[in-house]
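Just below is one structure, and these are the notes that go with it.
Heavy-atom basis, side chains included; hydrogens, waters and symmetry copies ignored. Naming: A, B, ... by sequence-line order, numbering from 1 per chain.
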Protein chains: 2
Amino acid sequence: MKLAEAKQQFVASWGAFGTQWGINRTMAQIHALLLISPDPLSADDIMEQLSISRGNANMNIRELIDWALVNRVIVAGERKEYFTAEKDIWKVVRQIVKERKKRELDPMLKLLDELENVEGDKRDKEVKTFTDAIANIRRVGGQAEKTLDTLIKADESWFISSLMKIFK
Amino acid sequence: MKLAEAKQQFVASWGAFGTQWGINRTMAQIHALLLISPDPLSADDIMEQLSISRGNANMNIRELIDWALVNRVIVAGERKEYFTAEKDIWKVVRQIVKERKKRELDPMLKLLDELENVEGDKRDKEVKTFTDAIANIRRVGGQAEKTLDTLIKADESWFISSLMKIFK
DNA sequence: CTAAATTTTCAATAGTTATTGAAAATTTAG
DNA sequence: CTAAATTTTCAATAACTATTGAAAATTTAG
């Protein structure tokens, strides 16, 4: 396979992959493009390579910066802004896990804690099934939280040993 | 908080949570409803409790069955079909991980293997950046695959010890 | 069989999310 | 400052996804 074709393929697939995980296709494609680009790209470069509008490019670049997956870089003697992506995928994974945990898992655990204290007699089948389900989800969620926290802090080299420690 | 309100809250939140992960809101809500229901529910029960149409209920129930998160049950003396959800959340997590891995991670790794063999001179900066990025993603993906395979096979009780083994 | 009950399908449509593109705001070189 | 370059905003609209509801298909009781 030729480089140009392989690049196309990767950008398209990364975009499709993203949509399955609730990530905007364009955002994932811009990220992919920057991942495989040796040099920083300008908004114009991105617009051209992905055939998207300026507004779309701008919005999604900003979102990527907000997720700390992309950085603005200044190129000497250039007025335009340029952008690069973090190339270390392990860091990228950690960053995404960190953000999604903060935005989604933490609030969910907070809600579960409230729902577990529902009023009513535990001998009532309806109440028991509900509180049992919530407690069960809370427990698994709590486990996930601990694991993810370790993963977020972990340097790849001590990923293994750290992961082992949390279960001590 | 009263039980009825807590149930509502849980179903709504589970639905919202699902959408952030690329899962249809109704599908997640039906799943939530069945998780906290002591007895199996019919399509009519689900339609009524979620205020959705028969078609919508049918489609999403079928999708949940396809994901093996929901089962049809026969209620003696009843003509209608009834449905239950697996109540053990640990099993649910494993099932979801198993399906998503099969549907998404495995094909992605297959693609990365192809893309890594792109034609061209490795001394070319463009080629090198591309193959390095792909190799890097492939490596992290491979690590994820091993971890998830262990998680899928793991019984909760030996979750810990199994997880430790993969990194030996 | 027959017909009532139930489930499934799917075209029409509603609802949601993404994208455009041009105007407004901001930045910077001179 | 001034004006050109660049970035940002956002209303309009396109594209995509979910939902309805009624007709068709299937199942089952008698």
- Neighbours of DNA chain C within residues 7-40 of chain B, by heavy-atom distance under 4.0 Å: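 Those residues whose heavy atoms fall under 4.0 Å from DNA chain C, taken from residues 7-40 of chain B, amount to none.
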- Item | DNA chain C contacts among residues 69-80 of chain B, heavy-atom distance under 4.0 Å |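 B:Arg72, B:Arg79, B:Lys80 - these, ordered by number, are the residues of the stretch whose heavy atoms sit under 4.0 Å from the strand.
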Atom-to-atom span, [atom1] of [X] to [atom2] of [N] - whole angstrom:
X	N	atom1	atom2	result
B:Met59	C:dT9	CE	C1'	7 Å
A:Asp66	D:dT8	CG	P	13 Å
A:Tyr82	C:dT27	OH	P	19 Å
A:Ile46	D:dT7	CD1	P	11 Å
B:Asp44	C:dA5	CG	P	12 Å
A:Leu50	C:dT20	CG	P	10 Å
B:Glu63	C:dT9	CD	C1'	15 Å
A:Met47	D:dT8	CE	C1'	13 Å

- Parallel, tilted or perpendicular: which fits the ring planes of A:Trp14 and A:Phe17, with parallel below 30° and perpendicular above 60°?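 Aromatic pair A:Trp14/A:Phe17 classed parallel.
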- Report yes or no: do A:Asn136 and A:Asp132 form a side-chain donor-acceptor pair below 3.5 Å?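 The answer is no; no qualifying pair exists.
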- Query: Taking atom types as modelled, is there a side-chain donor on B:Gln143 or A:Trp90 under 3.5 Å from an acceptor on the other?
  - Reply: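 Looking only at side-chain atoms, A:Trp90 and B:Gln143 do not form any donor-acceptor pair under 3.5 Å.
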- Query: Pick the nucleotide of DNA chain C nearest each of B:Arg54 and A:Ile52; which residue has the one closer to the 5' end?
  - Reply: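 So the residue in question is B:Arg54.
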Is [X] near enough to [N] that one of its side-chain N or O atoms lies under 4.0 angstrom from OP1 or OP2?
X	N	result
B:Asn58	C:dT7	no
A:Arg62	D:dT7	no
A:Asn56	C:dA18	no

- Message: Strictly below 4.0 Å, N to O, side chains only: are B:Arg103 and B:Asp66 in salt-bridge contact?
- Response: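 So B:Arg103 pairs with B:Asp66 through a salt bridge.
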- Message: Does this structure show an ion pair linking A:Asp121 with A:Lys128, if we count only N-O contacts that are shorter than 4.0 Å?
- Response: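 Salt bridge between A:Asp121 and A:Lys128, a charged N being under 4.0 Å from a carboxylate O: no.
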Side-chain donor or acceptor of [X] paired with backbone N/O of [Y] under 3.5 Å:
X	Y	value
A:Arg138	A:Asp113	no
A:Asp124	A:Gly120	no
A:Lys87	A:Ser37	yes

- Test log, rule salt bridge (charged side-chain N to carboxylate O under 4.0 Å, His left out), inputs A:Lys102 and A:Glu99: CA-CA 5 Å; A:Lys102 186 176 76 191; A:Glu99 279 294 324; 3.6 Å; yes
- Note on the structure: With both pairing distances under 3.5 angstrom for Watson-Crick or G-U wobble, and | for a partner in another strand, the correct string for DNA chain C is ||||||||||||||||||||||||||||||
- Message: With heavy-atom distances below 4.5 Å as the criterion, would you say the side chains of A:Asp149 and A:Lys101 are in contact?
- Response: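 Side-chain contact under 4.5 Å: yes.
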- How about B:Trp67 and B:Gln95: do any of their side-chain heavy atoms sit closer than 4.5 Å?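 In short, these two side chains do not touch, never coming nearer than 4.5 Å.
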- Task: Measure across B:Arg100 and A:Gln20 and return the closest heavy-atom pair with its distance rounded to 0.1 Å.
- Result: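 In this case the closest contact between B:Arg100 and A:Gln20 is NH2-O, 2.5 Å.
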- Item | Minimum-distance nucleotide to B:Ser53 side chain [options: C:dT7, D:dT7, D:dT19] |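 Of C:dT7, D:dT7, D:dT19, D:dT19 is nearest to the side chain of B:Ser53.
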